[in-house]
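Just so it is clear, the model here is predicted, and its values are computed rather than measured. Proteins get letters first, then strands, A, B, ... in listed order; numbering begins at 1 in each.
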2 protein chains.
Amino acid sequence: MFSQSEENYIKAIYHLGVEVTKGISTNAIAKRLETKASSVTDMIKKLSEKEVVVYKKYQGVTLTDFGKKTAANIIRKHRLWEVFLVEELNFSWDEVHEVAEQLEHIKSPKLIDELDAFLGYPKRDPHGDPIPDKDGNLPQIQKSLLATLQKNEKGVCVGVNDTSSEFLRFLDKQEIGLGQDIEVLDKEPFDDSFLVKINGKEITISNKVANNIYIQKK
Amino acid sequence: MFSQSEENYIKAIYHLGVEVTKGISTNAIAKRLETKASSVTDMIKKLSEKEVVVYKKYQGVTLTDFGKKTAANIIRKHRLWEVFLVEELNFSWDEVHEVAEQLEHIKSPKLIDELDAFLGYPKRDPHGDPIPDKDGNLPQIQKSLLATLQKNEKGVCVGVNDTSSEFLRFLDKQEIGLGQDIEVLDKEPFDDSFLVKINGKEITISNKVANNIYIQKK
DNA sequence: ATAAATTTTTAGGCAAGACTAAAAATTTAT
DNA sequence: ATAAATTTTTAGTCTTGCCTAAAAATTTAT
């Protein structure tokens, strides 16, 4: 069994390690968890003894298979709770994170299995991120950043990269959400902004925004 | 804001203080929380500084009004989560306590208000205990121990005193639950046991059991 | 009323998890 | 290749919440 603090480190290492082969640096973990590098070193030693990570001094850390499974389970809980908050308790997608950060640490296998069933075994959370199954497997779909689409390509919004409240509320204002059809009408070479059609309306989207919206092409 | 540990102390003091006018003893708190008296003294000093309790050396503690309100809020969360677990996630009434002990510490006013609404503003938890409202007020109903009923009195089960798994599972086996009609057919002077009619069946109930079931007379 | 038993508090320590400051190792720049 | 900059680790400290052992206060018994 892991403490909340240990779980937070495991999750951070997991997220930092997605599509990276080298070890995760002490500094990167410290930055993500808003803590100090020396604290990270301490915790890494502990997680290493518990065989959650592989660690060699000055070389960063990698999750073991056990560590990955542990991480997937924490993320599973986090995302299921997010679904619950949005679908059942009227939270908006920019409000869920803080509460899910707490709920993900509740220890009860039955609770999470029942919650999963209660929610109808959802595959994705309110931000479009996949929910790991009980064995830690992620359903992968292929998705592209809106910014990579060419003129006249169409797709449907399947996720976001930035999940900050500011960005999510901006999307709400623009009526962009998961499942929303988006068509690229034009790209402006000057500032790499996009002219897109959403809900029948034509709106301009900055390059920064286009780099934070995931699209499934069609 | 209080730590989980502080919240557990506040709750313990509240429960020990129901229908008691004197201060709660250090030892009583230690026993309830399965900790040592010296640890209790430490925590009591802290809670006293935070104006949650009134404390004079060697005289036990009492909750301040602020402390009572805090306690009621924790209990509100605990009981609402219990309702959720039983009504929505298929937990039985003997399984909920441990998980609710964790969930009660989640910090989010919106979460608990929405949960309350989602559940339809329940007045009582699965054991028949009243759920405090947002201001900390308890709906009090008058209830009597089954053991105090006379021959031929009738009532409905509205709560339990002992909430241990053993007792609750015993009640399940006897098909006794909240809302169950119970009629005292006879009392046996020899061992103070009861002959009662439940669900049309006549069964004998020990005095110990009768002292742990609350009845609303009718 | 005093002795014995009990309860409560104090004093000192320990583990987890964080921090600061300084040392050591590594990487980058010249 | 060496100096400078950066990253990482070590060493020592702090807080929270717990512990044991001993001292102090209170209660109970004789």
Worksheet item: Within the pair A:T35 and C:dA18, is there a side-chain N or O less than 4.0 Å away from OP1 or OP2?
Response: no
Discussion item. Can you tell me if A:K57 touches the phosphate of D:dT10, counting only side-chain N or O atoms and a distance under 4.0 Å to OP1 or OP2?
Written reply: yes
Discussion item. What verdict does the side chain to side chain donor-acceptor pair (under 3.5 Å) test give for A:S193 and A:D191, after you've listed the backbone C-alpha separation in whole Å, the side-chain angles of each residue and the deciding distance to 0.1 Å?
Written reply: CA-CA 5 Å; A:S193 65; A:D191 62 356; 2.8 Å; yes
Discussion item. With a 4.0 Å limit, can you tell me whether B:T41 has a side-chain N or O closer than that to the phosphate oxygens OP1/OP2 of C:dT8?
Written reply: no
Fill in: N-O pairing of A:E153 and A:K187 below 4.0 Å
no
Worksheet item: What is the distance from CD1 of A:I24 to P of D:dT7, rounded to the nearest Å?
Response: 16 Å
Worksheet item: Do B:D94 and B:S92 have side-chain atoms, one donor and one acceptor, less than 3.5 Å apart?
Response: yes
Response to the item:
Comparing nearest nucleotides in DNA chain C, the 5'-proximal residue of the pair A:Q4, A:Q59 is A:Q4
Worksheet item: Is there a Watson-Crick or G-U wobble partner for D:dA21 with both distances under 3.5 Å, and which nucleotide is it?
Response: C:dT10
Discussion item. Is the phosphate of D:dT20 approached by B:K36 (side-chain N or O, under 4.0 Å from OP1 or OP2)?
Written reply: yes
Worksheet entry | From B:I176, B:N212, B:L171, residue fulfilling side chain to side chain contact (heavy atoms under 4.5 Å, CB included) relative to B:V160 | B:L171
Worksheet item: So what does B:N27 hit on the nucleic acid, given a heavy-atom distance under 4.0 Å: a base, only sugar-phosphate, or nothing?
Response: sugar-phosphate
Discussion item. Within the 4.0 Å heavy-atom criterion, would you say B:S5 contacts the bases, only the backbone, or no part of the nucleic acid?
Written reply: sugar-phosphate
Discussion item. Under 3.5 Å, is there a donor on one side chain and an acceptor on the other for A:D162 and A:S164?
Written reply: yes
Response to the item:
B:E34 atom CD is separated from D:dC19 atom P, nearest whole Å, by 11 Å
Item to complete: Measure distances between side-chain N and O atoms of B:S38 and base N and O atoms of D:dT20, and say whether any donor-acceptor pair falls under 3.5 Å.
Response: yes
Discussion item. Rounded to whole Å, please give me the gap between NZ in A:K50 and P in C:dA16.
Written reply: 8 Å
Worksheet item: Roughly, in whole Å, what's the span from NZ in A:K31 to C1' in D:dT7?
Response: 11 Å
Fill in: Side chain of A:Y58 (C-beta onward), nearest among D:dC19, D:dA24, C:dA25
C:dA25
Discussion item. Any base atoms under 4.0 Å from A:T26, or only sugar-phosphate, or nothing? Heavy atoms, all strands.
Written reply: sugar-phosphate
Worksheet entry | Residues A:R76 and A:D116 bridged, charged N to O under 4.0 Å | yes
Practice prompt. Would you mind reading off the distance between A:K56 atom NZ and D:dT7 atom C1', rounded to a whole angstrom?
Written response: 18 Å
Worksheet entry | Spacing of B:L33 atom CG relative to D:dC18 atom P, expressed in whole Å | 8 Å
Practice prompt. Report the distance from atom CG of B:D42 to atom P of C:dT10, rounded to the nearest whole Å.
Written response: 9 Å
Fill in: Value in whole Å for how far the P atom of D:dT9 lies from CE of A:M43
15 Å
Worksheet item: Do any side-chain nitrogens or oxygens of A:Y55 fall under 4.0 Å of OP1 or OP2 in D:dT8?
Response: no
Item to complete: Give none if D:dT27 has no partner; otherwise give the nucleotide forming a Watson-Crick or G-U wobble pair with it, both distances under 3.5 Å.
Response: C:dA4
